[in-house]
Structures are given as C-alpha cells and as structure tokens.
Amino acid sequence: NEPVYLFNLAYAYLRRSDFDNAAKWFRELLERDPDDQMATYLLGRCLQRTPLKPGEGKVENLERLTHQYEESAYLQLRSILQKGRK
C-alpha cells in the first residue's frame, strides 16, 4: 500500500517492457495518489506500449526512496519481483 513501493514496482516492470504488469501497478498507485504526474505519464507509456530507451533522460533513474522502512511492504515487493523472474 506504500506509494513509493507501488511506483518502484511499476517502474521495474516498465523497464522490463512488461507493460501489462506495469500498468496494473501504476493504476494501483494512482488510485491512492491521483496527482502523481510521473505515474500518469508512465501509465500512458504502458498503454501505448512504448518501451523506455537508454539515454532517455526524462525516464531514467526514477526509483523513489522512502524514509520509512516497513518489513511487510519490503517482503511483499520482493515476493512479487521474484515471481516475475521465474
């Protein structure tokens, strides 16, 4: 439920060009924070199936940091990412 984790999860899927999963998580994030302009922009890229390109500065290194560590959120994110690798 943490917006930072939702953004990072969606962004990780988008970087892999997994547009469907990225769009799913950007939508989850936007339900909680409809004013997130970058998430809205990236969701649009998912829907257009536009991959991120190396050197495209506007969409590089967008990972977000949180100053609040929640063990359960971390474990949930790790579980989701590990499922995607299999």
Side-chain angles (χ1 to χ4, degrees):
N1 292 327
E2 172 66 40
V4 170
Y5 288 105
L6 292 174
F7 181 89
N8 288 340
L9 177 61
Y11 183 59
Y13 278 121
L14 180 56
R15 289 180 60 194
R16 294 183 194 168
S17 295
D18 185 343
F19 301 111
D20 294 331
N21 278 315
K24 171 186 171 183
W25 293 107
F26 280 126
R27 284 186 181 110
E28 282 284 325
L29 169 62
L30 289 166
E31 284 182 20
R32 290 167 178 74
D33 184 6
D35 296 327
D36 190 325
Q37 293 180 357
M38 183 54 73
T40 301
Y41 171 74
L42 294 174
L43 174 58
R45 294 209 37 171
C46 293
L47 298 175
Q48 294 174 355
R49 303 186 94 63
T50 305
L52 303 180
K53 299 174 187 170
E56 191 178 357
K58 182 178 182 177
V59 292
E60 285 188 326
N61 303 316
L62 296 178
E63 293 87 353
R64 296 179 178 175
L65 299 176
T66 183
H67 299 286
Q68 181 178 350
Y69 176 74
E70 294 182 28
E71 182 74 16
S72 62
Y74 166 76
L75 293 173
Q76 182 180 19
L77 177 60
R78 187 177 80 180
S79 172
I80 291 168
L81 289 175
Q82 286 177 339
K83 286 178 188 175
R85 290 182 183 175
K86 293 180 182 179

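Not measured: the values here are computed from a predicted model. As a basis for the values below, the full set of heavy atoms in this structure was taken, side chains included, without hydrogen atoms, waters or symmetry mates.
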Quiz item: Can any side-chain N or O of Ser79 pair as donor or acceptor with the backbone N or O of Leu75 at less than 3.5 Å?
Solution: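 Absent.
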Self-check item: Other residues, nucleotides, ligands: >12 heavy atoms within 6.0 Å of Glu31 CD
Solution: yes
Practice problem: Give the minimum heavy-atom separation between Leu47 and Ala23, together with the two atoms involved. | Solution: CD2-CB, 4.5 Å
Quiz prompt | Heavy-atom closest contact (Ala10 atom, Ala22 atom, distance) | solution = O-CB, 3.4 Å
Quiz item: Does the side chain to side chain contact (heavy atoms under 4.5 Å, CB included) test come out yes or no for Leu43 and Phe19, once each step is laid out?
Solution: CA-CA 9 Å; Leu43 174 58; Phe19 301 111; over 6 Å; no
Within this structure, what is the [atom1]-[atom2] distance for the pair [X] and [Y], rounded to the nearest 0.5 Å?
| X | Y | atom1 | atom2 | value |
| --- | --- | --- | --- | --- |
| Asn21 | Arg16 | CG | CZ | 9.5 Å |
| Leu14 | Leu9 | CG | CG | 11.5 Å |
| Leu29 | Phe7 | CG | CZ | 7.5 Å |
| Asp18 | Lys24 | CG | NZ | 10.5 Å |
| Gln82 | Arg78 | CD | CZ | 5.5 Å |

Quiz item: Thinking salt bridges, do Arg32 and Glu28 make one under a 4.0 Å N-O criterion?
Solution: yes
Quiz item: Going through the checks in order, is the side chain to side chain contact (heavy atoms under 4.5 Å, CB included) test met by Trp25 and Ile80?
Solution: CA-CA 11 Å; Trp25 293 107; Ile80 291 168; 4.0 Å; yes
